[in-house]
Amino acid sequence: MAPIMQGSQQWVEKYRPKQVKDVAHQEEVVRVLTNTLDTGSCPHMLFYGPPGTGKTTTALAIAHQLFGPEHYKSRVLELNASDDRGINVVRTKIKNFAAVAVGARRKNEVYPCPSFKIIVLDEADSMTEDAQACLLCFSFLTFLVSKCSVFKPRAIAVQNALRRTMETYSKVTRFFFICNYVSRIIEPLASRCAKFRFKPLSEEIMNSRILYICKEEGLCLDAQALSTLSSISHGDLRRAITYLQSAARLFGSSISPENLVSVSGVVPEKVVEAVLQACRSGNFDIANKEVNNFIAEGYPASQMLIQLLEAIVEENDISDEQKARISKKLGEADKCLVDGADEYLQLLDVVSNTMQAFSNMPEGFAYES
Amino acid sequence: MLWVDKHRPKVLDHVMVHTEIAHNLKKLVKEEDCPHLLFYGPSGSGKKTLIMALLRQMFGPSAEKVKVENRTWKVDAGSRSLDLELTTLSSANHIEISPSDAGFQDRYVVQEVIKEMAKNRPIDTKGKKVFKVLVLNDVDKLSREAQHSLRRTMEKYSAYCRLILCCNSSSRVTEAIRSRCLNVRINAPTEEQIVEVLELIGKKEGLQLPPGFAARIAEKSNRNLRRAILSFETCRVQQYPFTSKQEISPMDWEEYISEIASDIMKEQSPKRLFQVRGKLYDLLINCIPPEIILKRLLRELLRKLDAELKHEVCHWAAYYEHRMRLGQKSIFHIEAFVAKFMSIYKSFLIATFG
Ligand SMILES: Nc1ncnc2c1ncn2[C@@H]1O[C@H](COP(=O)(O)OP(=O)(O)O)[C@@H](O)[C@H]1O
Ligand SMILES: Nc1ncnc2c1ncn2[C@@H]1O[C@H](COP(=O)(O)OP(=O)(O)O)[C@@H](O)[C@H]1O
Ligand SMILES: [Mg+2]
Ligand SMILES: [Mg+2]
């Protein structure tokens with residue numbers, strides 16, 4: 001049998017907008033970049049916001065539109081967390097890239113091809129602070145030079161040295177930083193960029209993208225499935241598209257809400273209810289059995305904590321104090337899971353605590369010395 | 001060959017337990033486009049079996065012609081260069097590695113080795129470039145950094161490379177990775193399903209099973225299919241023909257832990273704690289993972305305890321297991337749990353019986 005799956009493509013890539021104007025819901029950045037396409041000028045940029053809202057898409061689209069396929073490689077450097085971005089690597093990679101002079105724009109060139117290069121630092125929040133500081137030196141020599149001019153004679157040598165470096169590198173590069181949390185970017189870097197916050201996509205926008213893909217792929221999604229999809233993806237279009245493709249490939253072209261839930265790793269309602277029921281029983285052994293069962297079924301405990309919280313907040317029969325007590329424990333357990341703690345033990349602790357809260361047992365432990 | 005390997009179903013059509021998933025995976029291959037896959041579920045539930053059968057469905061029998069190699073990669077880590085040693089299992093169309101084997105250097109495996117593998121496309125006999133699959137085991141054991149590094153690789157080379165990720169605890173896999181994958185949950189088989197598999201193996205081996213025999217093995221397996229098959233084979237070695245009263249012996253280390261639990265319940269003193277420490281060391285030296293020891297110990301203690309104490313004890317087990325993750329020497333934390341338990345239990349005894 002010949003190897004198959006030649007034409008295989010992920011929908012996330014297939015339906016990634018190729019042009020800035022097709023990026024939905026992020027009007028401000030689209031307006032600025034459209035202007036860039038006309039004028040050929042562009043500041044350093046910082047895109048931040050939750051996953052799957054179009055940050056990488058926008059950066060790649062503008063780069064392609066500015067330089068076209070022919071010059072893309074020589075003009076655009078994409079560094080992301082899959083590259084080693086320790087300080088040394090950043091220094092050499094960027095230096096080597098930026099040092100090659102930009103050729104003059106050809107007469108018959110169809111792309112704007114402005115006379116700078118673009119360095120895209122995707123997932124910049126996972127870079128070390130050192131490496132970020134190092135970047136500062138490259139991108140903002142211009143700034144340093146202008147500051148230096150107030151230092152009078154002693155700084156003249158420095159100024160000259162800086163200016164030489166500046167001329168070779170910094171005038172010709174624009175940085176695009178992309179991250180989830182702007183607070184992880186060191187302040188001096190962030191403050192020198194035009195900052196754009198990418199908003200979580202609204203349900204309407206998500207639905208219209210999803211319906212478009214359904215049409216292209218010949219899928220049938222009813223209103224209920226559509227609303228399930230948007231509620232389990234939390235404004236993250238990448239997630240929505242991945243779930244859609246997964247469900248389509250596993251369950252065929254007619255997709256039910258249950259199909260979507262099953263590919264998303266979300267815990268089914270009735271499983272959450274069974275665990276809560278065990279908590280209400282007041283019997284530790286029953287609860288322990290339920291937790292064992294939950295783990296054997298392979299559901300992710302971290303996801304369970306989220307859904308337990310939702311369920312607890314909506315409970316009618318318990319007081320706010322009880323809710324607070326349970327929520328506090330959920331938060332602690334979540335942190336432990338992030339640290340890599342065992343799923344069974346954490347969930348058991350949560351369930352045991354919830355059971356105690358439900359039956360208003362006193363907080364704290366009787367026999368702890 | 002052990003029965004677990006000998007009787008592992010090779011093709012999706014022969015998979016017994018997860019028939020529906022197998023059926024869906026077949027469809028996935030037929031449709032010719034699929035996202036990356038993340039298989040998760042408890043140990044011994046059948047993840048590896050499904051992945052191997054899936055590869056065979058994709059690439060035909062050639063997927064089974066694998067070679068095992070120990071390879072070394074030279075990696076430039078900024079100021080110095082590192083040698084990374086990894087074991088790979090590869091066929092013409094796929095490579096399987098466990099990147100977490102590189103320990104704290106796992107980030108370099110993702111950044112250098114995996115990226116390299118994802119970039120290079122194999123060429124078939126007609127000189128045509130073909131599609132490739134990377135199987136990564138134990139992704140839940142990868143550091144955060146390494147997981148972050150994987151994100152963009154998953155997007156960038158997706159035109160001709162698919163990742164199949166496999167792990168036990170999907171909570172430890174970052175949201176960013178999970179949202180880039182088709183999540184395939186592999187639940188542990190039920191006891192009835194385990195009985196079915198055991199009976200089939202018995203038939204293939206030409207064995208007579210007394211009524212209820214397979215059910216007893218299944219009951220002791222904790223829904224772990226691998227474990228059930230292993231203990232079935234052990235029974236076969238110990239005594240055949242089987243008798244209906246034949247003992248299904250627990251694993252040595254489990255018995256040992258249940259001894260430790262009895263020791264702790266009998267006496268709570270520094271001297272006893274010291275003795276217990278020796279036994280815990282024995283277990284660790286025999287490579288029983290520390291969290292498994294702690295969980296088993298908790299289980300044994302809970303069986304013997306008054307309902308009143310159970311909440312408190314399970315809390316401290318969770319507390320010390322978490323500390324163990326953050327620390328380096330697991331013995332400290334298991335021992336701290338034992339000491340805590342002794343102190344609680346002693347105050348309980350004094351309060352109750354004076
Ligand atoms: N604003 C948007 N408009 C159109 N498509 C989007 C938008 N945001 C995300 N997408 C879709 O989601 C996928 C992931 O988007 P991406 O730009 O990689 O997200 P991130 O913000 O995490 O970098 C893209 O392939 C695209 O199909
Ligand atoms: N679907 C199945 N049908 C029959 N036997 C199975 C099936 N899945 C697994 N097994 C048996 O159980 C053993 C353990 O399964 P494995 O796939 O290695 O589990 P995991 O990777 O989840 O730890 C295998 O060696 C195989 O013999
Ligand atoms: Mg991105
Ligand atoms: Mg395994």
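Sequence lines set the chain letters: A, B, ... in the order given, protein chains first and strands last, and positions in each chain run from 1. Note that the structure is predicted; figures quoted are calculated from it, not measured.
- The shortest distance between side-chain heavy atoms of A/Arg16 and B/Glu155 falls below 4.5 Å.
- The candidate from B/Asn183, B/Val184, B/Thr190, B/Leu309 with the greatest count of non-hydrogen atom pairs under 4.5 Å with chain A is B/Asn183.
- Contacts of A/Val263 with chain B are made by both backbone and side-chain atoms, with heavy-atom separations under 4.5 Å.
- The shortest side-chain heavy-atom distance between A/Glu297 and B/Arg185 falls under the 4.5 Å cut-off.
- In this structure, A/Arg239 and B/Ser179 approach most closely via the heavy-atom pair CG-CB, 3.1 Å.
- With hydrogens and angles ignored, the 3.5 Å screen pairs a side-chain donor or acceptor of B/Arg325 with a backbone N or O of A/Gly340.
- Here the closest heavy-atom approach between residue A/Gly298 and residue B/Tyr40 is recorded as O-CE1, 3.0 Å.
- In this structure, chain B has a heavy atom under 4.5 Å from the side chain of A/Leu60, while its backbone stays farther away.
- Interface remark: B/Ala351 contributes side-chain atoms only to the contact with chain A (heavy atom separation under 4.5 Å).
- In this structure the side chain of A/Thr242 never reaches within 4.5 angstrom of the side chain of B/Arg180, judged on heavy atoms.
- Shortest non-hydrogen contact noted between A/Tyr367 and B/Ser347 is O-OG, 3.4 Å.
- A/Asp342 and B/Glu321 make their closest contact through N-OE1, 2.7 Å (heavy atoms, listed as atom of the first residue, atom of the second, distance).
- In this model, a donor atom of one side chain and an acceptor atom of the other lie less than 3.5 Å apart for A/Asn293 and B/Arg223.
- Atom NZ of A/Lys289 has 12 or fewer heavy atoms from other residues, nucleotides or ligands within 6.0 Å.
- Only the side chain of A/Asn180 comes within less than 4.5 Å of a heavy atom of chain B; its backbone N, CA, C and O stay farther away.
- Neither the backbone nor the side chain of A/Asn292 comes within contact range of chain B; no heavy atoms are under 4.5 Å apart.
- Both the backbone and the side chain of A/Leu348 have a heavy atom closer than 4.5 Å to some heavy atom of chain B.
- For B/Met154, the part lying under 4.5 angstrom from a heavy atom of chain A is the backbone only.
- The shortest distance between side-chain heavy atoms of A/Leu250 and B/Lys27 does not fall below 4.5 Å.
- A side-chain N or O of A/Asp339 and one of B/His322 form a donor-acceptor pair less than 3.5 Å apart.
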- Task: Carefully, step by step, assess B/Tyr319 and A/Leu345 under the rule side-chain contact (heavy atoms from CB on, under 4.5 Å).
- Result: CA-CA 9 Å; B/Tyr319 175 86; A/Leu345 291 174; over 6 Å; no

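- B/Leu302 touches chain A through its side chain: at least one heavy atom from C-beta onward sits under 4.5 Å away, while N, CA, C and O do not.
- Atom CG of B/Leu28 and atom OG of A/Ser246 lie 8.0 Å apart (nearest 0.5 Å).
- The contact between B/Leu298 and chain A is made entirely by side chain atoms (from C-beta outward), counting heavy-atom distances below 4.5 Å.
- Proximity of a side-chain donor or acceptor of B/Ser171 to a complementary backbone N or O of A/Ala301 within less than 3.5 Å is detected.
- The contact between A/Met355 and chain B is made entirely by side chain atoms (from C-beta outward), counting heavy-atom distances below 4.5 Å.
- With a threshold of 4.5 angstrom between heavy atoms, A/Tyr344 approaches chain B through side-chain atoms but not through N, CA, C or O.
- Minimum interatomic distance between B/Pro42 and A/Ala296 (heavy atoms only, all atoms of both residues): CG-O, 3.2 Å.
- No side-chain heavy atom of A/Tyr243 sits less than 4.5 Å from a side-chain heavy atom of B/Leu182.
- For the pair B/His315 and A/Phe365, the tightest heavy-atom approach, listed with the atom from each and the gap, is CD2-CE1, 3.4 Å.
- Taking chain B as the reference chain and counting heavy-atom pairs below 4.5 Å, the highest number among A/Gln346, A/Gln356, A/Glu332 is found for A/Gln356.
- Atom CZ in B/Arg172 sits 6.5 Å away from atom CD in A/Glu343 (nearest 0.5 Å).
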- For side-chain contact (heavy atoms from CB on, under 4.5 Å), just list the numbers for B/Arg178 and A/Ser302, CA-CA rounded to whole Å, side-chain angles, deciding distance to a tenth of an Å, and then say yes or no. CA-CA 12 Å; B/Arg178 277 191 275 158; A/Ser302 56; 3.7 Å; yes

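- Of the listed residues (B/Ser169, B/Gly41, B/Pro189), the greatest number of heavy-atom pairs within a distance under 4.5 Å of chain A belongs to B/Ser169.
- To the nearest 0.5 Å, atom CZ of residue A/Arg249 and atom CG of residue B/Asn24 are 12.5 Å apart.
- Residue A/Thr56 touches chain B through its side chain alone, counting heavy-atom pairs closer than 4.5 Å.
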- Message: salt bridge (Lys or Arg N to Asp or Glu O under 4.0 Å), that's the test. Do A/Asp285 and B/Lys310 meet it? Break it down for me.
- Response: CA-CA 9 Å; A/Asp285 293 334; B/Lys310 289 181 179 177; 2.9 Å; yes

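- No other option in B/Lys295, B/Glu175, B/Glu291, B/His23 has as many heavy-atom pairs under 4.5 Å with chain A as B/Lys295.
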